[in-house]
Amino acid sequence: MMTGLGTNTYLAGTGEVAVIDPGPDDAGHTAAILAAAGGRIAGILITHRHPDHALGAARLARETGAPVYAFDDEAAGSPGGGLPPTVALRDGDAVAAGGATLLALHTPGHAADHLCLLLCEENALFSGDLIISGSTVVIAPPAGDMAAYLRSLERVRALAPARIYPGHGDVIDDPVRALEEYIRHRHMRERQVLEGLRERPARISDLVARIYAEVPSTQHPLAAQSLYAHLLKLRAEGRVVGDDRDGEWRLA
């Protein structure tokens with residue numbers, strides 16, 4: 001339900017390529033990658049370990065012998081999140097393949113291990129789930145962190161990429177505007193949370209019903225996760241008080 005038309009896999013480079021986000025553990029998807037790459041895969045890069053982006057890495061690595069790169073040095077050399085042994089990528093590291101240089105940018109928020117990958121030759125960004133096309137991204141605590149997510153959006157906006165290749169949906173050809181809209185949207189939701197609590201203390205379910213009234217009720221459990229992330233950010237700033245997902249929240 002959360003992947004839209006599916007997860008995008010990208011090949012970067014000419015001749016020998018890097019595969020970015022091999023997708024789910026699906027034989028047909030892996031076969032399509034191998035056909036497009038012509039079997040010449042220098043490395044497999046993971047933006048984050050969510051299964052729709054990462055689980056296909058094990059199958060693709062078995063087929064090609066290519067190394068798998070992912071963030072978090074604690075996971076280097078050991079299975080993690082369904083991945084085979086990985087090579088650790090840290091913020092600022094680069095991976096080269098077929099004339100393409102991919103710079104790793106640690107952009108936590110949607111996931112603690114989230115990376116964006118900047119194609120230096122074109123100033124184009126492979127954004128994973130930092131920003132997607134046609135929708136917003138769920139921030140689900142505890143792995144999701146709204147304050148970190150907003151910092152990551154601001155960091156990427158400052159880079160002024162020429163194009164964004166998102167993890168889901170179409171290519172974004174006006175990335176600065178898209179990033180600004182994402183940031184505005186999150187600030188709007190934060191204001192709505194504060195306005196809702198200014199009226200009276202409330203539970204998350206009450207706030208979701210009011211703030212996300214235009215969203216189908218089937219999606220309210222997902223909206224509740226992002227709203228909880230907003231509340232945790234506001235609590236860390238000393239602006240609201242509340243204990244947990246099920247309790248009552250109020251202005252500080």
- Is the Phe126 ring parallel, tilted or perpendicular to the Tyr165 ring (thresholds 30°, 60°)?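 Parallel, since the angle between the ring planes stays under 30°.
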- Mind telling me whether His106 and Phe71 have parallel, tilted or perpendicular rings, with 30° and 60° as the class edges?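 Phe71 vs His106 ring planes: parallel.
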- Do other residues, nucleotides or ligands put more than 12 heavy atoms under 6.0 Å from the CG atom of Asp170?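 No, the 6.0 Å shell around CG holds no more than 12 heavy atoms from other groups.
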- Item | Residue list, side chain to side chain contact (heavy atoms under 4.5 Å, CB included) with Arg200, at least two apart or on another chain |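 Side chain to side chain contact (heavy atoms under 4.5 Å, CB included) check on Arg200 returns Arg210.
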Find out whether [X] and [Y] are in side-chain contact, i.e. whether some heavy atom of one side chain is under 4.5 Å from a heavy atom of the other.
X      : Y      : answer
Arg189 : Ile211 : yes
Leu55  : Pro24  : no
Tyr212 : Gln219 : no
Leu197 : Leu231 : yes
Ile139 : His110 : yes

At what distance, to the nearest 0.5 angstrom, does [atom1] of [X] lie from [atom2] of [Y]?
X      : Y      : atom1 : atom2 : result
Leu102 : Cys120 : CG    : SG    : 7.5 Å
Asp26  : Asp52  : CG    : CG    : 12.5 Å
Leu130 : Thr107 : CG    : OG1   : 5.0 Å
His230 : Glu190 : NE2   : CD    : 6.5 Å
Leu153 : Ser127 : CG    : OG    : 10.0 Å
Leu115 : Ile46  : CG    : CD1   : 10.0 Å

- Task: Under the side chain to side chain donor-acceptor pair (under 3.5 Å) rule, collect the residues that match up with Thr101, sequence neighbours excluded.
- Result: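 Here the qualifying residues are Glu121.
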Just by modelled atom types, is the [Y] backbone N or O under 3.5 Å from a matching donor or acceptor in the [X] side chain?
X      : Y      : answer
Arg235 : Val240 : no
Thr14  : Gly98  : yes
Trp249 : Asp243 : no
Ser133 : Ile172 : no
Asn123 : Ala160 : yes

- Message: For Thr9 and His29: C-alpha separation, side-chain torsions, deciding distance, then whether side-chain hydrogen bond (donor to acceptor under 3.5 Å, both in side chains) applies.
- Response: CA-CA 9 Å; Thr9 295; His29 194 83; 2.8 Å; yes
Using every non-hydrogen atom in the two residues, find where [X] and [Y] come nearest and quote the distance to one decimal.
X      : Y      : result
Pro22  : Leu60  : CB-CD2, 4.0 Å
Asn8   : Pro166 : ND2-O, 3.0 Å
Leu11  : Ala37  : CD1-N, 3.7 Å
Thr7   : Gly23  : CG2-CA, 4.5 Å
Val137 : Ile132 : CG2-CG1, 4.0 Å
Leu150 : His187 : CD1-CE1, 4.4 Å

- Query: Does Asp145 have any salt bridge (Lys or Arg N to Asp or Glu O under 4.0 Å) partners at least two apart in sequence or in another chain, and if so, which?
  - Reply: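 By the salt bridge (Lys or Arg N to Asp or Glu O under 4.0 Å) rule, Asp145 matches no residue at all.
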- Task: Please assess Arg186 against Thr136 for the test side-chain contact (heavy atoms from CB on, under 4.5 Å), listing each intermediate value before the final yes or no.
- Result: CA-CA 9 Å; Arg186 290 300 178 191; Thr136 55; 4.3 Å; yes
Does [X] belong to the same Ile/Leu/Val/Met/Phe/Trp/Tyr cluster as [Y], with side-chain heavy atoms less than 4.5 Å apart forming each link?
X      : Y      : answer
Ile164 : Val176 : no
Val241 : Leu207 : no
Val193 : Tyr149 : no
Val208 : Val215 : yes
Ile183 : Met188 : no

Could you tell me if [Y] and [X] have a donor-acceptor pair between their side chains, going purely by distance under 3.5 Å?
X      : Y      : answer
His53  : His168 : yes
Asp21  : Thr47  : yes
Asp129 : His48  : yes

- Task: Please test Leu103 against Leu105 for side-chain contact (heavy atoms from CB on, under 4.5 Å), starting from the C-alpha separation and ending with a verdict.
- Result: CA-CA 6 Å; Leu103 180 67; Leu105 305 172; 4.1 Å; yes
- Message: salt bridge (charged side-chain N to carboxylate O under 4.0 Å, His left out), that's the test. Do Glu154 and Arg157 meet it? Break it down for me.
- Response: CA-CA 5 Å; Glu154 293 285 5; Arg157 179 173 67 165; 2.6 Å; yes
- Task: Determine, stepwise, if the pair Leu232 / Met146 fulfils side-chain contact (heavy atoms from CB on, under 4.5 Å).
- Result: CA-CA 8 Å; Leu232 291 178; Met146 189 62 72; over 6 Å; no
- Task: Sort out for me which residue in Arg198, Arg191, Gln192 forms a side chain to side chain contact (heavy atoms under 4.5 Å, CB included) with Leu194.
- Result: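 So, applying the side chain to side chain contact (heavy atoms under 4.5 Å, CB included) to Leu194 and each of Arg198, Arg191, Gln192, only Arg198 qualifies.
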